There are 2 protein chains.
Amino acid sequence: MRVTIKDIAREAGVSTAAVSKALNGQPDIGETTRLRIIRISRELGYTPNMIARNLVTKGNKTIGVLIPDISTPIYPRIYKGINETAMKYGYTLLLGDTKRSIESEKKYIMTMMENRVAGLLVSPVSNDISHIVQVVRGQIPIIYFGGKVNDAMQNSIGIDNYHGAMLAVDYLTGLGHKDIIMICDDLDTKTRHDRVDGYTEAMKRKGLKPLVVFNNEGLKGRQCGVSAIRHIIAGRTLPTAVFALNDLMAIGAMEALSEAGIQVPEAVSVMGYDDISFASLPMIGLSTIWQPKFKTGEMALELLHKKLQDDPVTEDRKIVLQPELRIRTSTCRI
Amino acid sequence: MRVTIKDIAREAGVSTAAVSKALNGQPDIGETTRLRIIRISRELGYTPNMIARNLVTKGNKTIGVLIPDISTPIYPRIYKGINETAMKYGYTLLLGDTKRSIESEKKYIMTMMENRVAGLLVSPVSNDISHIVQVVRGQIPIIYFGGKVNDAMQNSIGIDNYHGAMLAVDYLTGLGHKDIIMICDDLDTKTRHDRVDGYTEAMKRKGLKPLVVFNNEGLKGRQCGVSAIRHIIAGRTLPTAVFALNDLMAIGAMEALSEAGIQVPEAVSVMGYDDISFASLPMIGLSTIWQPKFKTGEMALELLHKKLQDDPVTEDRKIVLQPELRIRTSTCRI
DNA sequence: ATGAAAGCGCTAACAG
DNA sequence: CTGTTAGCGCTTTCAT
């Protein structure tokens, strides 16, 4: 059995109430007894039982975090931001990897609720979050973040994908490119929509004709990039620049291009989106749009913390962070 | 206030004990009352309070996980293994990113103890774990894993680095290489020692002269690889193969080689260790030693689970997992 | 300044 | 079968 305040009380010849007071720095306890109690508790190797304490104080410094897949190039950085800020405010994190499965997500939400977390930070697996809302029932605050965030989510940290895509196009046109194709897997999420819309709008504003090539085989990531480029090579004169929905697709595009003996960036510039960790390796050197990942995590926890502090009915807020251009060697002046 | 069994009891006109029994599927309760209680609990939207339950049952299905840095190419995969197995056994995970700081590690250990986790999975920040042992005082089981695991750690999941390095050398010599240099940052951990020893022993067995080039500028990762190769180029005839302590260093080596106009693998073969996520990208194509990362996580939790099940005094166990060769395009026959 | 008592939400004997 | 009672480890009035 672990040592409890009862043990300390017995040892010190005082009541448990006295021990509690001494240990929590309350004023209504004599200085000498306090010191003695503290000394004894140290001698006995006492570790406070937060669980028991929280039961009575109804305070709880644990926050649940739900992430679709921690082994991606994106989420670990976000988690770092969350973790760092959590330490700052003294929160403990319960992390669940939902494996991009609604089933798993639902299960985790239940577990978190049962474990009485104070709030939830979730990067949803799908656009539809009704199963989450249904279980949580407004009992604790939730902040949403990540790729599936959409306007229907009340409290969220988003990134301005529309603006990010425009940044990419403006940079490319500034380099003299006119024939810029965007390659995309599908239009599944608001993130994708925004990037495509930003590309389209930016092209129009420059008086250029936008062309988005979608993949209809259900491919994602690198494979999707490879396949898209192969299709383009087969059916059309090459564009001077390719803007990919994300870095993984861009890398796939570079692979397909080099496989066909086409020089990057001399013949075709390639631009990605996300700035995943290895985009900056010299061997890859992918020009891309950087996302404030760490900051996303920070803000998510910051916002949750605010909601936990204020009176329960804080107004809902959406925070939108701005992406930035990262120029490397996969793009060049035409 | 959230709904409690008291609310259900009142609503159903029974005692809280009856509710508890009904909800926990105990036999000594009438089938009709059970059904009614369950229906009401559902209507009221009851979520069991695990915290309170654990206080009385003294059971706890939460496990603390400490990782030096979740935003690396290695740990996320290990965490996946832990997470998956945790779900299987119904454990919830408290994750702490210790940022490779002893300070932070100590703090997390405290928090975990206060939150009364059932056990701990830790990938220590340093070889010295006395601060951990001191706080935990054998009160709960700990399983160690990761790069700093050494023979002093009683319960651990390790990977056979000695054997892994031999695998690399044997493969390289099989390709006809005789002049194989190993590059290493320092000899800080047992992992590093084992890899260097494995390399040295394998070379000797083939009747070849081992040569390990250390970096004395305190560099790590890619920069260290770059610097090591530059030194070698400056001071010595080129070896036909370079075996790097880890993939990041290998990638740095490839960078430095290509910067000097030396073809990989035609002029020099490069071999890494770890098989980090992007080693397999065609643009990198690094031959390396794969580590069972996911499995490490699985086994760690599995072992902890075993210790949690058995009588507390289970014998201590060390598990050693075997690495495997991954051949790609950075190495070739001489 | 200190302690007795009540109670957080729940389970576990033990009676009835 | 069902309810009463006690108590997990801790905090918090409220007396003393």
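Source: prediction; values computed, not measured. In what follows, every heavy atom counts, from backbone to side chain, and hydrogens, waters and symmetry copies are set aside. The sequence lines fix the lettering, A, B, ..., with proteins before strands; numbering per chain opens at 1.
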Note to self: Distance check needed: C:dC8 P versus A:Asn49 CG, whole Å only.
What the structure shows: 18 Å
Next item on the list: For B:Ile37 and D:dC1, give me the distance from atom CD1 to atom P, rounded to whole Å.
Entry: 13 Å
Checklist line | Residues B:Lys99 and A:Glu84 bridged, charged N to O under 4.0 Å | finding: yes
Next item on the list: Pull out every residue in residues 108-119 of chain B that has a heavy atom closer than 4.0 Å to any atom of DNA chain D, ordered by number, or say none.
Entry: none
Next item on the list: Give a yes or no on this: more than 12 heavy atoms of other residues, nucleotides or ligands lie within 6.0 Å of atom NZ of A:Lys295.
Entry: no
Notebook entry, point to check: Are B:Lys293 and B:Asp274 within salt-bridge range, i.e. N to O under 4.0 Å?
Noted result: no
Checklist line | Shortest non-hydrogen separation from B:Leu95 to B:Ile67 and the atoms involved | finding: CD1-CD1, 4.2 Å
Notebook entry, point to check: What's the CD-P distance between A:Gln139 and C:dG9, to the nearest Å?
Noted result: 13 Å
Check: Taking NZ, NE, NH1 and NH2 as the nitrogens, is one of them in A:Lys88 or A:Glu302 under 4.0 Å from a carboxylate oxygen of the other?
Finding: yes
Notebook entry, point to check: For C:dG3, does OP1 or OP2 lie under 4.0 Å from any side-chain N or O of A:Ser15?
Noted result: yes
Next item on the list: Could you check how far CD1 of A:Ile29 sits from P of C:dG3, rounded to whole Å?
Entry: 7 Å
Checklist line | Heavy atoms of other groups near B:Lys107 NZ, more than 12 under 6.0 Å | finding: no
Next item on the list: Could you tell me, to 10°, how much the axis swings from one end of the helix from C:dA1-D:dT16 to C:dG16-D:dC1 to the other, five pairs per end?
Entry: 50°
Using residues 25-32 of chain B as the side-chain source, report each donor-acceptor pair under 3.5 Å to any protein atom, sequence neighbours left out, with the distance given to one decimal.
none

Item checked: Separation of atom CG in A:Asn60 from atom P in C:dG9, rounded to whole Å -> 13 Å
Notebook entry, point to check: Got a sec: does the NZ of A:Lys6 have more than 12 other heavy atoms crowding it under 6.0 Å?
Noted result: no
Notebook entry, point to check: Is there any salt bridge (charged side-chain N to carboxylate O under 4.0 Å, His left out) pair reaching into residues 131-142 of chain B, and which pairs are they, with sequence neighbours excluded?
Noted result: none
Checklist line | Under 4.0 Å protein heavy-atom contacts per nucleotide of nucleotides 11-16 of chain C, with B for base, S for backbone only and - for none | finding: BBB---
Note to self: Using OP1 and OP2 only, check whether a side-chain N or O of B:Lys6 sits under 4.0 Å from C:dG7.
What the structure shows: no
Next item on the list: Send over the distance from B:Leu55 CG to C:dC8 P, rounded to a whole Å.
Entry: 14 Å
Notebook entry, point to check: Is a salt bridge present between A:Arg39 and A:Glu43, judged by a nitrogen-to-oxygen distance below 4.0 Å?
Noted result: yes
Next item on the list: Figure out the NZ/P separation between A:Lys58 and D:dT13, and round it to whole Å.
Entry: 14 Å
Next item on the list: Measure the distance from CZ on B:Arg10 to P on C:dG9 and round it to the nearest whole Å.
Entry: 12 Å
Item checked: Set of residues satisfying ring-ring contact (aromatic ring centres under 6.0 Å, His included) with respect to A:Tyr91, sequence neighbours excluded -> A:His305
